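Everything numeric in this text was worked out from a predicted model, so none of it was measured. Convention: sequence-line order gives letters A, B, ...; per-chain numbering from 1.
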There are 2 protein chains.
Amino acid sequence: MNKSTIPSPLQNQLLSALPSIDFERLAPHFELFSMALGEVLCESGELLNYVYFPTESIVSLLYQLEDGSSAEIAVVGNEGIVGISLFMGGETTPSRAVVQSAGYSYRLKAQILKKEFNRIGPMMHLLLRYTQALITQMTQTAVCNRHHSVEQQLCRWLLLSLDRLPDNDLRMTQELIANMLGVRREGVTEAAGKLQRAGLIEYSRGHIKVLDRPGLEKRVCECYKVVKLEFDRLLPARPQF
Amino acid sequence: MNKSTIPSPLQNQLLSALPSIDFERLAPHFELFSMALGEVLCESGELLNYVYFPTESIVSLLYQLEDGSSAEIAVVGNEGIVGISLFMGGETTPSRAVVQSAGYSYRLKAQILKKEFNRIGPMMHLLLRYTQALITQMTQTAVCNRHHSVEQQLCRWLLLSLDRLPDNDLRMTQELIANMLGVRREGVTEAAGKLQRAGLIEYSRGHIKVLDRPGLEKRVCECYKVVKLEFDRLLPARPQF
DNA sequence: AAAAGTCTGTTCGGTAGCGCACATACAAGA
DNA sequence: TCTTGTATGTGCGCTACCGAACAGACTTTT
């Protein structure tokens with residue numbers, strides 16, 4: 001479906017923010033990696049062999065409860081990296097990493113990343129700042145879960161996804177969105193129907209197109225903006241490819 | 001009310017986990033700091049001049065929405081530190097740090113901590129591991145907000161507080177607990193009444209005593225255990241004072 | 001003792017979201 | 001074409017929680 005052009009590692013914003021001397025040192029170790037929708041990069045509590053730098057794919061960090069219900073706690077796209085627990089020192093996390101939007105990423109062997117991190121150079125500082133931005137996303141998710149309606153959360157989710165995609169089409173069923181948001185599928189159907197009737201989106205069988213992004217931004221709760229501003233503040237300006 | 005004995009910095013578990021050579025280097029810079037209930041250590045977005053290592057006090061990390069409603073995203077006691085954004089590189093965070101249980105802490109000038117962090121020694125690794133544990137607490141809060149009842153969350157909150165206190169008495173009104181959990185005061189009244197009728201707790205006007213801790217642990221959701229296990233896994237065993 | 005303030009208990013109507021059941025619609029394969 | 005599977009729409013009763021109002025109980029101050 002997507003153009004099948006091979007992306008550059010520089011399409012990942014963390015990598016593109018590296019000084020070229022650091023980037024070049026890592027360049028030989030990048031492996032292009034194609035990720036399918038629904039693929040699990042890392043199970044809860046499992047050791048990661050690689051870290052992943054998405055280019056036009058999106059990875060969802062999910063937490064699954066014992067009773068099977070789940071909730072998304074953060075989303076990682078080309079602004080970030082999957083696998084922060086490797087350099088934070090814990091090696092594993094209780095959450096899972098699941099591909100939410102298929103596409104390429106570049107991956108790096110865990111050892112290579114740790115070695116680079118321990119050089120205490122730009123990569124370390126970038127990764128720590130990124131981690132702080134991710135923390136903001138997680139805390140904002142906590143607050144949003146507590147106080148905002150399904151419709152507001154759907155808007156937030158759509159905008160977060162949109163920010164990480166090259167176009168304005170998402171391939172995603174309402175059922176899957178419901179899993180991410182931790183709500184009923186019917187709740188998503190209702191909220192999405194409302195947005196469609198308002199002309200903001202258009203969807204059909206696992207395919208959502210955003211028609212009116214400013215309209216979504218008017219309906220979304222403050223959580224989206226807080227997260228976005230914090231990412232912009234903490235991470236360097238996004239260079240063009 | 002509390003014994004007015006002066007605590008040792010070693011009552012903070014991060015500090016007590018430091019090799020003595022590193023601890024001694026910092027020792028001259030610790031300032032004993034007394035914190036009153038409700039005191040705001042750091043406003044949202046404000047630059048911190050100090051980091052705080054609680055000894056028997058508890059600090060709550062709260063996020064406040066534009067409409068005034070709020071939610072606790074994590075709690076910091078003698079196992080941790082307030083001010084992670086200083087070494088993560090972002091300098092500020094969108095959340096506030098508010099004293100939830102009065103008592104002492106030791107504080108350190110921001111510059112001193114950053115210098116220590118940049119030595120790339122035990123302190124850095126400890127702080128990063130602690131940060132990962134804190135992330136787990138935040139994500140679990142997000143999931144708990146989504147899926148669990150007020151009563152379960154109250155149990156979780158009580159147990160988290162209890163773990164960070166020297167005794168089993170908390171001085172805390174239902175109103176304040178409601179602010180932390182991001183629910184109505186009446187909801188807390190109801191849940192607390194239930195727990196009291198079950199003989200698990202006893203409370204009166206801003207004073208809660210836990211009578212049956214195992215009983216609370218039976219009612220709490222899995223979120224408490226997940227967070228606790230992750231803290232135990234990531235942070236070194238707790239030495240006795 | 002009286003007054004004022006604070007904390008907790010209770011009630012009541014309203015609503016968002018849940019769980020379930022089922023209907024419809026579209027897609028892909030035999 | 002028929003079947004099977006998947007995605008979406010809808011209705012219904014239920015529950016947890018909300019918002020507001022108010023009453024009682026305890027504390028502190030005067």
Side-chain angles (χ1 to χ4, degrees), chain A residues 1 36-38 65 67-72 100 142-158 169-198 200-209 219 221, chain B residues 1 37-38 65 67-71 100 142-158 169-198 200-209 219 221:
Chain A
M1 300 289 162
L37 179 65
L65 288 171
D67 70 1
S69 58
S70 65
E72 182 178 84
Q100 179 206 304
V143 176
C144 199
N145 280 351
R146 161 65 63 223
H147 291 290
H148 297 137
S149 70
V150 170
E151 184 185 333
Q152 288 178 306
Q153 295 185 48
L154 176 59
C155 291
R156 173 174 63 84
W157 189 90
L158 286 171
D169 273 358
L170 2 177
R171 336 183 97 261
M172 179 63 51
T173 64
Q174 300 181 354
E175 175 88 43
L176 287 178
I177 296 178
N179 284 159
M180 311 257 191
L181 295 182
V183 299
R184 279 185 323 154
R185 196 263 313 160
E186 294 92 322
V188 173
T189 299
E190 199 184 333
K194 221 159 153 187
L195 296 181
Q196 172 150 272
R197 265 171 267 126
L200 304 180
I201 65 175
E202 192 181 81
Y203 63 87
S204 64
R205 295 184 71 74
H207 182 88
I208 304 184
K209 181 183 271 183
R219 296 198 174 213
C221 47
Chain B
M1 300 288 162
L37 179 65
L65 288 171
D67 70 1
S69 57
S70 66
Q100 178 205 305
V143 176
C144 199
N145 280 352
R146 161 64 66 220
H147 290 290
H148 297 137
S149 69
V150 171
E151 186 185 333
Q152 289 178 305
Q153 294 185 48
L154 176 60
C155 291
R156 172 174 64 83
W157 190 91
L158 287 171
D169 273 358
L170 0 178
R171 338 183 96 263
M172 178 64 51
T173 64
Q174 300 181 352
E175 176 87 43
L176 287 178
I177 296 178
N179 284 160
M180 310 258 190
L181 295 182
V183 299
R184 277 185 325 155
R185 197 263 313 161
E186 294 91 323
V188 174
T189 300
E190 199 184 335
K194 221 160 154 186
L195 296 181
Q196 172 150 272
R197 265 171 267 129
L200 305 181
I201 65 173
E202 193 181 81
Y203 62 86
S204 64
R205 297 184 71 74
H207 182 87
I208 304 183
K209 180 184 274 184
R219 297 198 172 213
C221 48

**Q.** N/O donor-acceptor pair under 3.5 Å between A/R146 side chain and B/S70 backbone
**A.** no
Write out a two-atom table: protein N or O, nucleotide N or O from nucleotides 25-30 of chain D, distance below 3.5 Å.
residue: D/dC26; atom: O2; partner: B/R205; partner atom: NH2; Å: 3.3

Q: Using a heavy-atom cut-off of under 4.0 Å over every strand shown, decide if A/E186 touches base, sugar-phosphate, or nothing.
A: base
Q: Mark yes or no for a side-chain to base donor-acceptor pair under 3.5 Å between A/R185 and D/dG9, with no hydrogen or angle criteria applied.
A: yes
Q: Return the value, rounded to whole Å, for the distance between atom NE2 of A/H207 and atom C1' of C/dA25.
A: 18 Å
(Q) I'd like to know if the side chain of A/N145 reaches the main chain of B/A142, judged simply by a donor and an acceptor atom lying under 3.5 Å from each other, with no hydrogens or angles considered. (A) yes
Q | 5' priority, DNA chain D, between B/E151 and A/G193 [closest heavy atom] | A | A/G193
Q.
I want to check one thing: is the phosphate of D/dC17, taken as OP1 and OP2, less than 4.0 Å away from some side-chain N or O of B/R184?
A. no
Q) Across the strands shown, which category fits B/G187 at heavy-atom distances under 4.0 angstrom: base, sugar-phosphate, nothing? A) nothing
Q: Could you work out which one of D/dT8, D/dA20, C/dT8 sits closest to the side chain of A/Y203?
A: D/dT8
Q | B/Q174 side chain, from C-beta outward: closest of C/dT8, D/dT8, D/dC18 | A | C/dT8
Q) Are any of the side-chain heavy atoms of B/L170 and B/L158 separated by less than 4.5 Å? A) yes
(Q) Please pick, from C/dC20, D/dC18, C/dC7, the nucleotide with the shortest atom-to-atom distance to any side-chain atom of B/T173. (A) C/dC7
Q: Under 4.0 Å from any atom of DNA chain C, heavy atoms only: list the residues of residues 142-150 of chain B that qualify, in numerical order.
A: none
